[in-house]
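Nothing fancy with the numbering, it's 1 onward along the sequence.
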Amino acid sequence: MKLGIWGGRGAFAAVLVAGGCGDSGVAATTEAMTETETTQATTSDGSTSEPAPTTGAPTTSETSAGTGSASDVTTGGDTTTTGTTEAATTDAETSEPGTSTGPAPFCGDGDVDDGEACDAGPDNADDGACTSACANAVCGDGLVQANVEACDDGNAVDDDACTNDCALASCGDGKLQDGEGCDDGDEDDTDACLSTCLPAVCGDGHVQAGVEECDDVNADDTDACLSTCVSAACGDGHVQADVEACDDGNDEQTDACLGDCTAAKCGDAIVQAGVEECDDGNDEDGDACLADCKAAECGDGVLHLGVEACDDGNMVDGDGCTSVCTVPQTCEDLHAALPMLPSDVYVVDPDGVGGQPGFPVFCDMVTAGGGWTVLERSPLGAQTIGKALYNDVPVNAADPANARHRLTKATMTVLRDLSTDMRIDCRGGDYLLTAATNLFNGQGGPNSCFNWSQVLYKEASLKGNFVQNKTICTWHVGTSEGCAGAWHIDEIAQNQYGCGLVNYPWKGAAVVSPSADTFASDPNTLDAVGPVHDCHKAGAARWLMVR
């Protein structure tokens, strides 16, 4: 059996040539029929067309394209089909216009026809590589190619739900879509765009490199990372819990918060303005700054070593520690420290702080410049203390303000050794001034009224007569009260009892009576003539003082 090619593309006609029983086996050959003479019988859908008439006995026709086939007669079944032979044609042979040689080409016939990019026949599909319109599937054609595209919205908009490369829009695709603040196509959370497609901001929990020092996702300014995404540090104005005691945002060292964010306190060696007077960084109370950061001062009750001799916390001057924190050894010390103090009883401490306690004395702050310590006060009359000072006869020793007063010899000795001068006067113009070392002159004698010594007086004044640096023979009473006084000068007796001095030291001439120029305070030596010696005037009292 031979198969011929139909003129139309895609349709095939079978021409069957069969040898009959007893035939020669050579099929009759028909002449090529012209297109105007030949009618092809076709059978379609079970119908049979009438056989085309022939013009004569079969002949053989040769063409440049080949030999045509003989007409075949096929008998079988209920249907008999008689066909005429089709003239053989070449591939270049075509039908005349207006005539049909078979079914027209169409998309889906499996052949790529003119105007088609592809044709997969029944496999054409809108989700396949060749669409139902015989076009190659491409991104942007509006059709979603299965297993190739995630979407295809057919537009050139790259920031909608479907990108221009037919991928579903998503964070990290590098395309900025609605709902995204940014999209840089990476998962780096340290740049300006987070992997969540949100712009990096302080508080997002990610440290933006080169921009933030830290980011702890909270607004707590007391932890290690501030709400500004700056690492907490001393001086930032925020107190970091459990790290800083304070933080005032400045490096001022004199306010309540120091530059290292520690709270100012007494003892930190920095003076807090308006709060502390001083701060030497120690708790020593003996230096210029007390342990409570107050400047050491007299009266604060704390002894400032090297500056104060004492500090009893009060401003009383008579208790042994003055208001200027000195411990007076004598009245002269007290007067030097406080020259405006009046005459009164004050405590002196001859051996200073420590050792023996101080004791009260009466201080004369007026006579001859003041600062005299009174050793004895002997009133004129029946209360006179006539015994010499070398006799240990204390009288009201603990009561220096008493009109009749005399310290013990031991106390006198201590005060004498701290003094330079001794003065005897009766609170008027008449007085004797000599060295304090003469205090106990006359001791060791017969203890009578005639114990005597030569005394160099720096000054001596009696009834208007005045001498300086004059040596005068002076008598000192013994043990009895009947002698001429504890310190007695008789002008006419200067060469008696071995004194060997010239009589009349005051004037250098004889006096009217033996008692006229006697310096004494005892009643039995009262002046008989005027002017009356100051120590013999009514109400007089002999004061013996050292300074």
So, do [X] and [Y] sit near enough that their side-chain heavy atoms are less than 4.5 Å apart?
X    : Y    : result
T373 : S419 : no
F359 : V347 : no
L375 : L389 : no
C298 : E308 : yes
D178 : D159 : no
P105 : D111 : no
N441 : T434 : no
D255 : D248 : yes

Rounded distance [0.5 Å steps], [atom1] in [X] versus [atom2] in [Y]:
X    : Y    : atom1 : atom2 : answer
C278 : K294 : SG    : NZ    : 10.5 Å
C193 : E187 : SG    : CD    : 11.5 Å
T322 : L341 : OG1   : CG    : 8.5 Å
C266 : D279 : SG    : CG    : 5.0 Å
M365 : T367 : CE    : OG1   : 11.5 Å
D280 : C293 : CG    : SG    : 7.0 Å

Mind listing the closest non-hydrogen atom pair of [X] and [Y] along with its distance?
X    : Y    : answer
R377 : P400 : NH1-O, 2.9 Å
P350 : L415 : CG-CD2, 4.1 Å
G203 : E212 : N-OE2, 4.4 Å

(message) Let's go through V361 and V374 carefully: what are the C-alpha distance in whole Å and the side-chain angles of both, what is the deciding distance for side chain to side chain contact (heavy atoms under 4.5 Å, CB included) to 0.1 Å, and is it a yes or a no?
(response) CA-CA 7 Å; V361 295; V374 176; over 6 Å; no
(message) Between D425 and R423, does any side-chain N to carboxylate O distance fall below 4.0 Å?
(response) yes
(message) Tell me whether K458 is salt-bridged to D421, with the criterion being a basic N under 4.0 Å from an acidic carboxylate O.
(response) yes
(request) Please name all residues satisfying side-chain contact (heavy atoms from CB on, under 4.5 Å) with L168, sequence neighbours left out, ordered by chain then number. (result) A150, C151
If only atom types and distance count, is the side chain of [X] paired as donor or acceptor with the main-chain N or O of [Y] below 3.5 Å?
X    : Y    : result
D251 : G259 : no
E180 : C197 : no
D126 : T131 : no
D333 : Q329 : yes
R547 : G370 : yes
T163 : A169 : no
D183 : G172 : yes
H238 : T222 : no
D311 : G301 : yes
N391 : V393 : no

(request) With side chain to side chain contact (heavy atoms under 4.5 Å, CB included) as the test, would you mind laying out the steps for E244 and C234 before giving the verdict? (result) CA-CA 7 Å; E244 300 172 330; C234 178; 3.6 Å; yes
(request) Report the C-alpha separation of R427 and D364 in whole Å, then their side-chain angles, then the decisive distance to 0.1 Å, and conclude whether the salt bridge (charged side-chain N to carboxylate O under 4.0 Å, His left out) test is met. (result) CA-CA 11 Å; R427 318 313 294 155; D364 181 346; 2.7 Å; yes
(message) When you compare the side chains of N396 and D399, does any donor N or O come within less than 3.5 Å of an acceptor on the partner?
(response) no
(message) Is the positively charged end of R416 above the ring of F440, judged by distance under 6.0 angstrom from the centroid and angle within 45° of the axis?
(response) no
(message) Can you confirm whether more than 12 heavy atoms, excluding those of K409, are under 6.0 Å from its NZ atom?
(response) yes
(request) Show your working on side chain to side chain contact (heavy atoms under 4.5 Å, CB included) between D351 and D349 and close with a plain yes or no. (result) CA-CA 6 Å; D351 63 358; D349 191 347; 2.5 Å; yes
(request) Please assess D392 against T408 for the test side chain to side chain contact (heavy atoms under 4.5 Å, CB included), listing each intermediate value before the final yes or no. (result) CA-CA 6 Å; D392 191 7; T408 66; 4.1 Å; yes
(request) Could you point out which residue of W372, Y346, W543 forms a ring pair (Phe, Tyr, Trp, His ring centres under 6.0 Å) with F362? (result) W543
